[in-house]
Amino acid sequence: MKNIRVRFAPSPTGALHVGGARTALFNFLFAKKYGGRFILRVEDTDLDRNQEHFLTEQLTALKWLGLDWDEGMDKAGEYGPYRQSQRLDVYNQYAQKLLDSGKAYYCFLTDDELAHMKETSQKEGKPFRVKSPYRNWSQEEAKKKQNVKPVIRFKMPETAKNYVVDDVVRGRVEFPSDMIGDFVLIRSNGLPVYNFCCAVDDALMKISHIFRAEEHLPNTLRQLIIFEALGWASPVYGHLSLILSTDKKKLSKREGALSCLEYKEQGHLPSALNNFLALLGWNPKDNQEVFSFSELISKFSEKNLNPAGAVFDENKLKWINAQHIRSMDYKEFWKMLQPLLDRDKINLPFLNNESLKEKSFHSLKSSFSTLKEAVEVFRFLSYDYFKIDDSVKEIFEWSHTKNLIQLWKEELEKVKTEYISLEDFKNIQNSIKTKLNIKGALLFKPLRAVMIGQVEGLELKAIIELIPRETLIQRSNQLLSQMC
RNA sequence: GUUCCCUUCGUCUAGCGGUUAGGACAUCACCCUUUCACGGUGAAGACACGGGUUCGAGUCCCGUAGGGAAUGCCA
């Protein structure tokens, strides 16, 4: 394929949610796969709903996901500007062209009149299609009527015909042109309407392929009509399945849809979110589930996109995230975790020791599936954190607990090194085991309690070498004082 | 109402006329483990329904039902 140019066209009316991210991802993958360009165009023609901070947030989210654009907003390119609010003269120019060729007209219909027309046709049981009384007015006639600001409407031809989209995802889709009436191109405030500026920009920016959500499928008809009227060839379309919430409805913020940055907040890796999102509506046909970002690019094919809606399953996302964490390099892991530790003021004793950093990551990585969970795991290993969980009360009832902790403390005091080695730990365990004649949970629950303040949780062998001896002794004292 | 889209285990999906309908998440069981996890093995679990076409249909066609979208001076 040649001259592949795709775009992601967000409107800054909210956060970048997972559906938008997936659309951006597929466009990105398609561009990278075929050596094309990924363009970011901002569709900010809705003055009432646009907010600049949403735009900033969306760009941050896209960059976090690694979906950086080659051309567009804040990057150079020969088809700019890439913000629709800065291209109003362009839209006016093409609207004028349609006006001049008699394919569009000024319309003075008010909202009330429109509502009335709609009501009437509903009463008659007929589908409502706007057909304005002004559609045959000349531009000169319209100019004389200066008291009302007109909109510019497209003049639908009298005779209906079918428009065909050869959709990459859905195959051939046909729309009868009489399913719509004369639609608005330019609003009375002078700003263009989505279907118009989208078509104009896609043509002018030489967009070759458009992957977008299924909800845009019916819009394609209007865009096709605009392309035809302006004598342009239309791009190739692919309408992606919807992402649904658990109740099978379209995912929306209200129903629990989260923005990408919220997933970041929950401790998901961008590579994992991309991986998971890619599997919603696309599959590699070979049972592979876990993909690195570069594998996603090399294995992606628009032919393997599927048309059915997909439910967003947090469980699977979490599992994929766990897989990505496990395959991380330890340096990369600590780099990502550090800001989260700092935020919670968690001070880990072993972080100045490179080999302990490596060891701790590898021995503990299977006990968390998100960075946030990792924070909770490593919190137990910080100098000053020792919180005795309610569940520990269980072992306070046991007659041997106090002795056990005393013995543990004594054994620790015998050790001369800063940290307890795994071997020392095994010896201490066995010594306690023999002296008190206990094993299993009777041994491990109190030990875990005295080490991390909980009776269940981390593998003790994995953490013993990460907590300084002094800290362990302190914790023993704290637990003992709790018992009294 | 009209137009368009969608429909395989609870969930994501493979399947493109002949399969014991495959994989993954979740669930459950067992194994590993002196505890908890991790891991391993296994079990249970699906072709929305009804008609055709065909020797044969999850697969092709037509209906029905269910879900969704559009029908905006939102995108």
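Because only heavy atoms are used, hydrogens play no part in the values below, and waters and symmetry mates are left out as well, while side chains stay in. Quick note on labels: first sequence line is chain A, next is B, and so on, each numbered from 1.
- Minimum atom distance to the side chain of A:T45 is reached by B:A75, of the listed B:A24, B:A75, B:U71.
- Using a 4.0 Å heavy-atom criterion, one finds that A:K126 contacts no nucleic acid atom at all.
- Of the nucleotides present, none pairs with B:G58 by Watson-Crick or G-U wobble criteria with both distances under 3.5 Å.
- Of the candidates B:U35, B:G68, B:A24, the closest approach to any side-chain atom of A:A441 belongs to B:U35.
- Not a single donor-acceptor pair, N or O on each side, falls under 3.5 Å between the base of B:A26 and the side chain of A:D313.
- Within the shown strands, nothing qualifies as a pairing partner of B:A21 under the Watson-Crick or G-U definition with both distances less than 3.5 Å.
- Checking A:V173 against A:P127, the closest nucleotide of RNA chain B that is more toward the 5' end is the one next to A:P127.
- Note: A:W408 and A:F425 have perpendicular aromatic rings, judged against thresholds of 30 and 60 degrees for the angle between ring planes.
- The interatomic distance linking A:D178 (CG) with B:C4 (C1') rounds to 13 Å, in whole Å.
- If you measure from atom CZ of A:F368 to atom P of B:A37, you get 18 Å, rounded to the nearest angstrom.
- For A:L217, the side-chain atoms get nearest to B:C5 when compared with the rest of B:A75, B:G72, B:C5.
- Residue A:Q122 is out of contact with every strand shown, counting any heavy-atom pair closer than 4.0 Å.
- Residue-level contact check: A:H216 touches the bases, meaning some heavy atom is under 4.0 Å from a base atom.
- With both ends at atom P, the span from B:C61 to B:U53 equals 15 Å, rounded to whole Å.
- At least one side-chain nitrogen or oxygen of A:R326 sits closer than 4.0 Å to the OP1 or OP2 atom of B:G39.
- For B:G63, the paired base is B:C49 (Watson-Crick or G-U wobble, both distances below 3.5 Å).
- At whole-Å resolution of the value, NZ in A:K439 and C1' in B:U35 are 12 Å apart.
- The separation of B:A37 from B:G18, taken at their P atoms, amounts to 45 Å, rounded to a whole angstrom.
- Atom pair A:E214:CD and B:C5:P shows a separation of 10 Å (rounding to whole Å applied).
- The pair A:E423-A:K426 does not meet the salt-bridge criterion, since no charged nitrogen lies less than 4.0 angstrom from a carboxylate oxygen.
- Between the CE atom of A:M156 and the C1' atom of B:U71 there is a distance of 13 Å, given to the nearest Å.
- Residues A:L472 and A:I464 are in side-chain contact: their nearest non-hydrogen atoms beyond the backbone lie under 4.5 Å apart.
- Relative to the ring axis of A:F386, A:R475 does not place its NZ or CZ within 45° and under 6.0 Å from the centre.
- Within 3.5 Å, a donor on the side chain of A:E289 pairs with an acceptor on the base of B:G23, or the reverse.
- Spacing between atom CD1 of A:I463 and atom P of B:A37 amounts to 15 Å, rounded to whole angstrom units.
- Pairing partner, B:C32: none, since no Watson-Crick or wobble contact has both distances short of 3.5 Å.
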If you apply the rule ring pair (Phe, Tyr, Trp, His ring centres under 6.0 Å), what do you find for A:F154 with A:F183, and how did you get there?
CA-CA 5 Å; A:F154 188 86; A:F183 55 95; 5.4 Å; yes

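- Heavy atoms of A:Y194 sit under 4.0 angstrom from at least one base atom.
- In this structure, the nucleotide among B:C38, B:U35, B:G23 sitting nearest to the side chain of A:R448 is B:U35.
- Counting non-hydrogen atoms of neighbouring residues, nucleotides and ligands closer than 6.0 angstrom, the NE2 atom of A:H362 exceeds 12 such neighbours.
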Using the 3.5 Å cut-off, write out each protein N or O paired with an N or O of nucleotides 13-19 of chain B and the distance between them.
unit_1, atom_1, unit_2, atom_2, d
B:U13, OP1, A:G281, N, 2.6
B:U13, O3', A:N283, ND2, 3.0
B:A14, OP1, A:N283, ND2, 2.5
B:G15, OP1, A:K285, NZ, 3.0
B:G15, OP2, A:K285, NZ, 3.1

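- One C1' atom belongs to B:U54, the other to B:A26, and the distance between them is 40 Å to the nearest Å.
- Comparing B:C4, B:U34, B:C74 by their nearest atom to the side chain of A:F175 picks out B:C4.
- B:A26 is unpaired under the criterion used here, namely a Watson-Crick or G-U wobble arrangement in which both key atom distances are under 3.5 Å.
- Residue A:R170 is classed as a sugar-phosphate contact, given heavy-atom separations below 4.0 Å to backbone atoms only.
- Salt-bridge formation is not detected for the pair A:R129/A:D178: no Lys NZ or Arg NE/NH1/NH2 atom is positioned less than 4.0 Å from an Asp or Glu carboxylate oxygen.
- B:U3: Watson-Crick or G-U partner is B:A69, with both key distances under 3.5 Å.
- A cation-pi arrangement, defined by a distance under 6.0 Å to the six-membered ring centre and an angle within 45 degrees of its axis, is present between A:K145 and A:F108.
- Stacking is not found between A:W319 and the pyrimidine-like six-membered ring of the B:C25 base under the 5.5 Å centre-distance and 30° plane-angle cut-offs.
- The nearest whole Å value for the distance from the CZ atom in A:F291 to the C1' atom in B:A24 is 11 Å.
- Nearest nucleotide to the side chain of A:P307, out of B:U71, B:A75, B:C6: B:C6.
- Nucleotides B:A44 and B:G67 are separated by 28 Å at their C1' atoms, to the nearest Å.
- If you take atom C1' in B:C16 and the same atom in B:U8, they sit 14 Å apart, rounded to whole Å.
- Using atom C1' as the reference point in both B:C25 and B:U35, the two lie 28 Å apart (nearest Å).
- The side chain to side chain donor-acceptor pair (under 3.5 Å) test with A:D182 singles out one residue from A:R153, A:R135, A:K155, A:K131, and that residue is A:R135.
- Distance A:L458 CG to B:C36 C1': 9 Å, rounded to the nearest Å.
- In terms of the salt bridge (charged side-chain N to carboxylate O under 4.0 Å, His left out) criterion, residue partners of A:K318 (sequence neighbours excluded) are, by chain and number, A:E373.
- Annotation: the span from A:I210 atom CD1 to A:Y237 atom OH amounts to 4.0 Å, rounded to 0.5 Å.
- Nucleotides B:U19 and B:G58 have their C1' atoms positioned 11 Å apart, rounded to a whole Å.
- Side-chain N/O atoms of A:K118 include one lying less than 4.0 angstrom from OP1 or OP2 on B:G72.
- If A:D111 and A:I438 are placed on RNA chain B by their nearest nucleotide, the residue sitting closer to the 5' end is A:I438.
- Using a 4.0 Å cut-off on heavy atoms, the residues of residues 181-189 of chain A that approach RNA chain B are A:V184, A:R187, A:S188, listed by number.
- A salt bridge links A:E52 and A:R83; the closest N-O separation between the charged side-chain nitrogens and carboxylate oxygens is under 4.0 Å.
- Aromatic pair A:F211/A:F26: ring centres not closer than 6.0 Å.
- Using atom P as the reference point in both B:A21 and B:C9, the two lie 15 Å apart (nearest Å).
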I would like to know whether A:F293 and A:F28 meet ring pair (Phe, Tyr, Trp, His ring centres under 6.0 Å); could you show each step before the answer?
CA-CA 11 Å; A:F293 198 49; A:F28 179 92; 5.6 Å; yes

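- Using a 4.0 Å heavy-atom cutoff across all strands shown, A:I452 reaches no nucleic acid atom at all.
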